[in-house]
Number of protein chains: 2
Amino acid sequence: MNQSQKEFYEVFTELQCFILANMQKGDINGVTATHYNIIEYIYRHNKCTGKQVAKAFSISPPAISRQLKFLIENGFIEQEQSRADRRVFHLSVTGQGRFIVDNSENFRESVAKGASKTLTKTELKSLTFLLAKVMHNVVGNDH
Amino acid sequence: MNQSQKEFYEVFTELQCFILANMQKGDINGVTATHYNIIEYIYRHNKCTGKQVAKAFSISPPAISRQLKFLIENGFIEQEQSRADRRVFHLSVTGQGRFIVDNSENFRESVAKGASKTLTKTELKSLTFLLAKVMHNVVGNDH
DNA sequence: TATATTTAGTTAACTTTGTTAATTATTAGC
DNA sequence: GCTAATAATTAACAAAGTTAACTAAATATA
């Protein structure tokens, strides 16, 4: 790695530690960060399937199956069997699930607000642009 | 959240999913991503203590204790009891541990290289600067 | 049409890694 | 010198990941 890459590597390491430290810790409103992320995904991808969720979070079907079971039993999401393909269940959030997403200030939101407070509007836009550019390139190359 | 914050939030969400997806997956050279991160930390903080490692990764002393035990038993790191305070053990990497850090292209390194390929040098420097600014502000406010 | 293959999701058994509570050994404060 | 605090470990447990095996439904093929 050259100097610029090393400098990026340093700060990206900090970022990774920060993100990991803020995951999987105690519940807020009865859901962990992972639960929250799944609920939010389903909220934003209404009528999606378990397979899609598993893929989005890169975890195995049994793992997502257990998570969805928990979220259904606790009233955050619900599922409906597809008429077109009865193997498939379409997922959607309940009122309670929607409430959680709309009302809990999550970790990413506090980071976004922190970023907005620290940077000028131009800088924030620039950061978003550059990060998106990297993400779309790196993630795209990954499969 | 305003529009700029929302845009940042979107891409930060992708980034979080990406980082989480690349953690805790199968071994490379016999160590998981978590093991690797601990070895690298000890490499960069020679003679550090278990307590420091636990704090750096925001996990409990027993959790780090088990990880260190694994890394010692498998020859990646070693510990030496402090003379000044015999409760304390100073950690350092072995030749094998150093080899792992020096030779395995890790996830963050591939992101750094990807970023460097996608962005101009000026853009990469800008991204590093902005990310560092946000990190130091947000992490600093967190305790 | 009947049979074989593929697919979505679940269950079971297990592993890893986190947690808290209790314990040990050592240091530091009155 | 006794008491409180600290670094690390052990034990018991919980959460969440994995693979393998299974069910039910859809699709492909002979």
Side-chain angles (χ1 to χ4, degrees), chain A residues 16-17 19-28 30-39 41-42 45 47-74 76-92, chain B residues 16-17 19-28 30-39 41-42 45 47-74 76-92:
Chain A
Q16 184 187 31
C17 284
I19 287 179
L20 293 175
N22 279 281
M23 284 294 295
Q24 299 295 40
K25 293 300 154 62
D27 303 11
I28 301 174
V31 297
T32 64
T34 305
H35 291 148
Y36 178 89
N37 289 336
I38 296 173
I39 297 171
Y41 180 88
I42 295 170
H45 299 84
K47 305 288 174 198
C48 66
T49 68
K51 189 159 185 62
Q52 282 175 270
V53 180
K55 193 176 176 192
F57 291 92
S58 304
I59 56 180
S60 63
I64 210 65
S65 187
R66 196 202 285 121
Q67 295 284 8
L68 295 178
K69 192 180 172 196
F70 171 89
L71 295 174
I72 291 165
E73 282 173 355
N74 288 275
F76 297 109
I77 65 169
E78 44 195 15
Q79 61 180 8
E80 193 191 349
Q81 194 165 32
S82 165
R83 293 234 204 153
D85 182 344
R86 290 187 336 201
R87 289 170 304 182
V88 171
F89 293 86
H90 292 295
L91 304 163
S92 52
Chain B
Q16 184 187 30
C17 283
I19 286 179
L20 293 175
N22 278 281
M23 285 295 295
Q24 300 294 40
K25 293 299 154 60
D27 303 11
I28 302 174
V31 297
T32 65
T34 305
H35 291 147
Y36 178 89
N37 289 337
I38 296 173
I39 297 171
Y41 180 88
I42 294 170
H45 299 83
K47 305 288 175 198
C48 66
T49 68
K51 191 160 183 59
Q52 282 175 272
V53 180
K55 193 177 177 191
F57 291 92
S58 304
I59 57 180
S60 63
I64 211 64
S65 186
R66 198 203 285 120
Q67 296 283 10
L68 294 179
K69 193 180 171 194
F70 172 88
L71 294 175
I72 290 166
E73 281 171 357
N74 288 275
F76 297 108
I77 64 169
E78 43 195 15
Q79 61 179 8
E80 192 192 348
Q81 193 164 33
S82 165
R83 293 232 202 153
D85 183 344
R86 293 189 335 207
R87 289 169 303 185
V88 171
F89 292 86
H90 293 295
L91 304 164
S92 52

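Chain naming here is simple, since letters A, B, ... match the order of the sequence lines and numbering starts at 1 in each. Excluded from the calculations below are hydrogen atoms, water molecules and symmetry mates; all remaining heavy atoms, backbone and side chain alike, are included. Quick caveat: nothing in here was measured; it's all calculated off a predicted structure.
- Along DNA chain C, the nucleotide nearest A:Arg66 and the nucleotide nearest A:Phe89 are compared for position; the residue whose nucleotide lies closer to the 5' end is A:Phe89.
- Annotation: the span from B:Leu20 atom CG to A:Gln16 atom CD amounts to 9.0 Å, rounded to 0.5 Å.
- For A:Arg87 against C:dT7, a side-chain N or O and a base N or O form a donor-acceptor pair under 3.5 Å.
- Rounded to an integer number of Å, the gap from A:Lys69 NZ to C:dT11 P is 5 Å.
- Between A:Ala21 and B:Ser58 the shortest heavy-atom distance is CB-OG, 3.4 Å.
- The shortest non-hydrogen separation linking B:Asn22 to B:Ala33 is O-CB, 4.2 Å.
- Atoms CZ (B:Arg83) and C1' (C:dA25) sit 19 Å apart, rounded to a whole Å.
- When rounded to the nearest whole Å, the span between CZ of B:Phe57 and P of C:dT16 equals 20 Å.
- Regarding A:Arg86, its CZ atom lies at a distance of 15 Å from the C1' atom of C:dT7, rounded to whole Å.
- The CD1-P distance, from B:Ile72 to D:dA8, rounds to 11 Å in whole Å.
- The phosphate of C:dG18 (OP1 or OP2) has a side-chain N or O of B:Gln67 nearer than 4.0 angstrom.
- For the pair A:Leu68 CG and C:dA8 P, the computed distance is 15 Å after rounding to whole Å.
- Nucleotide D:dT23 holds its P atom 18 Å from the CD atom of A:Gln81, rounded to whole Å.
- A perpendicular orientation is assigned to the rings of B:Phe57 and B:Tyr41, their planes being inclined by more than 60° (bins at 30° and 60°).
- Aromatic pair B:Phe76/B:His35: centroids not less than 6.0 angstrom apart.
- The separation between B:Ile59 atom CD1 and C:dT17 atom P is 10 Å, rounded to whole Å.
- Between D:dA16 and A:Thr32, a contact under 4.0 Å exists linking OP1 or OP2 to a side-chain N or O.
- Among the nucleotides D:dA25, C:dT19, C:dT11, the one closest to any side-chain atom of B:Ser60 is C:dT19.
- Mapping A:Ile64 and A:Asp85 onto DNA chain D via the closest heavy atom, the residue that lands nearer the 5' end is A:Ile64.
- Closest approach to the A:Lys51 side chain among C:dG18, D:dA8, C:dG9 is made by C:dG9 (side chain taken as heavy atoms from C-beta onward).
- For B:Pro62, whose side chain is taken as the heavy atoms from C-beta onward, the closest listed nucleotide among C:dT19, D:dT19, D:dA8 is C:dT19.
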